[in-house]
Amino acid sequence: MILLAPLAVAACVASGPALNDTVDPGVDAIVQMTPSLTFAPSDLRIAAGDTVEFRNISGFTHTVSTRPDTAAKRQTVILPAGAAAFDSGPIPSGGIHRITFDVPGTYRYFCDPHFGSGMIGTIVVAPS
């Protein structure tokens, strides 16, 4: 009985657009924000002008950010010259956030609440 209880809770944790398998037109890639406090995939290659959909498939609230508020985050973040910093704000369980990457180069971003757990991702944007 004790072994089944966590499974029942996990099944009820989240529902929403991030948990379905459909991909909306205009979305070129999907990055999942997982219960294990990772971005999946953690490294992604796309073309300039592509839109990435970040899907929160976990029971935790996550963010996608390049706006550092600590020295450690400033050392982690990478943005190409001319690219604007971004911050999704809180993305609840089952929620999504989309970002279009127009400036080629490397972007290293983080989840603000889970930065200390190593929730960091990288997107390399190739010229179109």
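Side chains included, hydrogens not; waters and symmetry mates left out as well; all remaining heavy atoms used. Every value quoted in this text rests on a predicted model; they were computed, and no experiment measured them.
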**Student:** How many angstroms lie between atom NE2 of H97 and atom OG of S88, to the nearest 0.5 angstrom?
**Tutor:**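 Result: 5.0 Å between the selected atoms.
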
**Student:** Take M33 and R55 through the test side chain to side chain contact (heavy atoms under 4.5 Å, CB included) and record every step on the way to the result.
**Tutor:** CA-CA 6 Å; M33 296 172 281; R55 292 183 173 190; 5.6 Å; no

**Student:** On a heavy-atom basis, which atom in T51 and which in G26 lie closest, and how many Å separate them?
**Tutor:** CB-O, 3.2 Å

**Student:** Check the pair D102, T100 against side chain to side chain donor-acceptor pair (under 3.5 Å), reporting the backbone distance first and the verdict last.
**Tutor:** CA-CA 6 Å; D102 293 319; T100 299; 5.9 Å; no

**Student:** Evaluate the side chain to side chain contact (heavy atoms under 4.5 Å, CB included) criterion for residues F54 and V52: first the C-alpha distance (whole Å), next the side-chain angles of each, then the deciding distance (0.1 Å), finally the verdict.
**Tutor:** CA-CA 6 Å; F54 293 86; V52 176; 3.8 Å; yes

**Student:** Quick check: is F115 connected to V77 through a chain of hydrophobic side chains (ILVMFWY, heavy atoms under 4.5 Å apart)?
**Tutor:** yes

**Student:** Could you check whether the rings of Y109 and F86 sit parallel, tilted or perpendicular, using 30° and 60° as the cut-offs?
**Tutor:**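 Plane angle between 30° and 60°, so tilted.
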
**Student:** Okay, side chain of N56, backbone of I91: is any donor-acceptor separation there less than 3.5 Å?
**Tutor:** yes

**Student:** Apply the test side chain to side chain contact (heavy atoms under 4.5 Å, CB included) to residues I123 and I46: give CA-CA distance (whole Å), side-chain angles for both, the deciding distance (0.1 Å), then the verdict.
**Tutor:** CA-CA 7 Å; I123 296 177; I46 61 173; 3.8 Å; yes

**Student:** For the residue pair S58 and S93, what are the closest heavy atoms and their distance?
**Tutor:** O-OG, 2.6 Å

**Student:** Does the side chain of L44 come within less than 4.5 Å of V31's, by heavy atoms?
**Tutor:**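 Yes, at least one pair of side-chain atoms sits under 4.5 Å.
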
**Student:** Write down the atom of D50, the atom of D28, and the distance for their closest heavy-atom approach.
**Tutor:**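 Of all heavy-atom pairs spanning D50 and D28, the closest is CA-OD2, 3.2 Å.
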
**Student:** Got a second to check how far I120's CD1 is from D43's CG, nearest 0.5 Å?
**Tutor:** 11.0 Å

**Student:** Heavy atoms, side chains only, cut-off 4.5 Å: are L37 and F60 in contact?
**Tutor:** yes

**Student:** Is there a side-chain contact between T63 and P113, using heavy atoms and a 4.5 Å cut-off?
**Tutor:**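 SC-SC contact between T63 and P113 confirmed.
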
**Student:** Identify the two heavy atoms, one from P90 and one from T61, that lie closest to each other, and give their separation to 0.1 Å.
**Tutor:**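 In this case the closest contact between P90 and T61 is CB-CG2, 3.6 Å.
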
**Student:** Does D112 come within less than 4.0 Å of R67, counting only side-chain N to carboxylate O?
**Tutor:**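 Judged by the 4.0 Å cut-off on N to carboxylate O distance, D112 and R67 do not form a salt bridge.
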
**Student:** Identify the two heavy atoms, one from P80 and one from P104, that lie closest to each other, and give their separation to 0.1 Å.
**Tutor:**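 Smallest interatomic distance, heavy atoms only, reads CB-O, 3.3 Å.
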
**Student:** If you measure from the Lys or Arg side-chain nitrogens to the Asp or Glu carboxylate oxygens, is any gap between R98 and D24 under 4.0 Å?
**Tutor:** yes

**Student:** Can you check whether T76's main-chain N or O pairs, donor with acceptor, with R108's side chain at less than 3.5 Å?
**Tutor:**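 A pair under 3.5 Å: yes.
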
**Student:** So, the side chain of T38 versus the backbone of T34: is there a donor-acceptor pair under 3.5 Å, distance only?
**Tutor:** no

**Student:** Do F110 and V124 sit in one hydrophobic cluster, given that two such residues count as connected whenever their side-chain heavy atoms are within less than 4.5 Å of each other, even indirectly?
**Tutor:**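 No, F110 and V124 fall in different hydrophobic clusters.
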
**Student:** Where do V64 and I99 land on the side chain to side chain contact (heavy atoms under 4.5 Å, CB included) test, with the steps shown first?
**Tutor:** CA-CA 10 Å; V64 179; I99 301 172; 4.1 Å; yes

**Student:** How long is the span from the OG atom in S36 to the CD1 atom in I57, to the nearest 0.5 Å?
**Tutor:** 8.0 Å

**Student:** Is there side-chain contact between Q32 and F39, with heavy atoms separated by less than 4.5 Å?
**Tutor:**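 The answer is no; the side chains never approach within 4.5 Å.
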
